[in-house]
Amino acid sequence: MVRTRYAPSPTGFLHIGGLRTALYSYLFARQHKGKHILRIEDTDQKREVEGSTENLIKSLAWGGVEFDEGPHLGGDYGPYIQSQRTEIYKKYAMQLLESYKAYPCFCTPERLQQMREEQQVKKLPPMYDKTCRRISTEEMKEKLAAGVPYVVRQKMPEDLELAEFHDLIRGDLEFKIALLDDHVLMKSDGFPTYHLANVVDDHLMEITHVIRGEEWLPSAPKHVLLYQAFGWKAPEFAHLPLILNKDRSKLSKRQGDVAVEDYMKAGYTPEAVVNFIALLGWHPGEGETQEIFSMDELIERFHIEKIHKGGAVFDREKLDWIQWQWRRRKFEEDPRQEGEKLVALVQEYIPDEWRTDRLYLERALKTVKEKILQKPQEVRGHIEFYFKENVDVNPELLTHQKLKVDMEVAARSLRAAHDALEKFDDYEYEEKIKDCLSGVVSELGVKNGQVFWPVRSALTGEQFSPGVFEVIWVLGKEKTLQRLQEALAKIS
Ligand code: GLU
């Protein structure tokens, strides 16, 4: 039975990288019909930020990453908050002391400080010098009996050269044991360090696969040795690649948003964010072009061994593209009429006055459909011109050098178009509007652009807008004629 866990420390908001770790461990558990566990690693209470556990749970739920056991769900192996399990870790620290796999260290903070300073001068790596590992058993017992404060340190084996293990992403790895510190497992206040609590819990909670960020790779050999010291079987490990900025530096706040919350607030939907994050370091394989995956598809397709070793670049434009594709997919699945769906999409971004004529609004939206599927929040800029009392077009905009439209051509075309459209009545049909304006083109014996350009810019006042027939279809007869007259008045 596969059991994976996400084990965050409650030190603030959920980072994009944290969501990815949680997502991968969730996908892996689900595709193996296993269990996914949430465990809060809060033994370093100095770093704790209030409210972060709630925030983590909320952000994970938003992303659709589910858990089967955890602080808010219970389960057979809880409590799942490490600060509530300190007695358990203490018991295991004592077990290691008794079996001589760990030792008490009585060095005072002052002595350690002095040791560190000396190491710095000699340019040696900052490691404990093992003074207390060398004291006699008698002296040790005496000190313990006298109640001298102590920490518990892991005894790195001196008779072994390498710590070896297999990583599902990186393959076989080996680390020189001589370079590993006899680090602290339990502090003098009886609180465990990350290493002890993490290994004890992964063992007791029967975790089969530890999936976590690359920043924990240096800890992995220590953990492997700790499993050996306890006589336990170590879980499988998978260390995920770093997430990088475009310049390949480590993803940081300075270059953009890193909190999942920021993306929630910016209006991204969970499907898009999860889809995007899933592709940060994983892809179904060569020759595969699919980029849009639902959670169910991810559960089916995800493959841990296909995760890349190299860093994954965080590309916000790609996120925007994925968001666009997702909005489209949802749009197509939505059974309502197109106009209704479009209004729903831009609901919160348009002023109330624009809603009085519903049909007019729906038509206006239809002419910029792709643009608002891409970024609904930018709707205003795209359709504002439809709602203006006066377009107040800049006469320069009516001309176009390349299309050979000077002021004279513009005036003549606007006049002829106005007259033709005045006699015309089929405003419901874009095709008919086209025929009407094409009639003007042949009547004047000019090129399409010489009529379409000035008419479109007179009606919109914009350099870029939907095409002229669509615009007339939305505006209808009255507004169209009024705008053409206004433009004519400006240039004649
Ligand atoms: N508590 C660690 C963290 O904050 C967990 C590392 C692990 O998954 O072992 O990321």
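Just follow the structure's listing: the first ligand is 1, and inside any ligand the first atom is 1. None of the values given here were measured: they were computed from a predicted structure.
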J.: Number the atoms of ligand 1 from 1 as they appear, then name those within less than 4.0 Å of a heavy atom of A7, with their elements.
T.: 1 (N), 2 (C), 3 (C), 4 (O), 5 (C)
J.: Could you identify the single nearest non-hydrogen protein atom to atom 3 (C) of ligand 1 and state the distance to 0.1 Å?
T.: W216 CZ2, 3.4 Å
J.: Give yes if a backbone or side-chain nitrogen or oxygen of V210 is under 3.5 Å from a nitrogen or oxygen of ligand 1, and no if not.
T.: no
J.: What atoms of ligand 1 come closer than 4.0 angstrom to any heavy atom of E41?
T.: 1 (N), 2 (C), 5 (C)
J.: Do D315 and K246 meet the salt-bridge criterion of a basic N to acidic O distance under 4.0 Å?
T.: yes
J.: May I ask you to say whether K58 pairs ionically with E54, meaning some side-chain N is under 4.0 Å from a carboxylate O?
T.: no
J.: Hey, which atoms in ligand 1 end up nearer than 4.0 Å to a heavy atom of N198?
T.: 7 (C), 9 (O)
J.: Please tell me whether F302 and F28 form a close aromatic pair, meaning their ring centres lie under 6.0 Å apart.
T.: no
J.: On the 0 to 90° scale, with breaks at 30° and 60°, tag the Y386-Y360 ring pair as parallel, tilted or perpendicular.
T.: perpendicular
J.: For Y194 and ligand 1, answer yes if some heavy atom of the residue is under 4.0 Å from a ligand atom, otherwise no.
T.: yes
J.: Could a heavy atom of R5 be found less than 4.0 Å from some atom of ligand 1?
T.: yes
J.: Parallel, tilted or perpendicular: which describes the rings of H36 and Y26, with under 30° parallel and over 60° perpendicular?
T.: tilted
J.: Taking the six-membered ring where the residue is Trp, are the ring centres of Y227 and H223 under 6.0 Å apart?
T.: no
J.: For atom 9 (O) of ligand 1, which candidate among E215, Q82, H239, R212 provides the closest heavy atom?
T.: R212
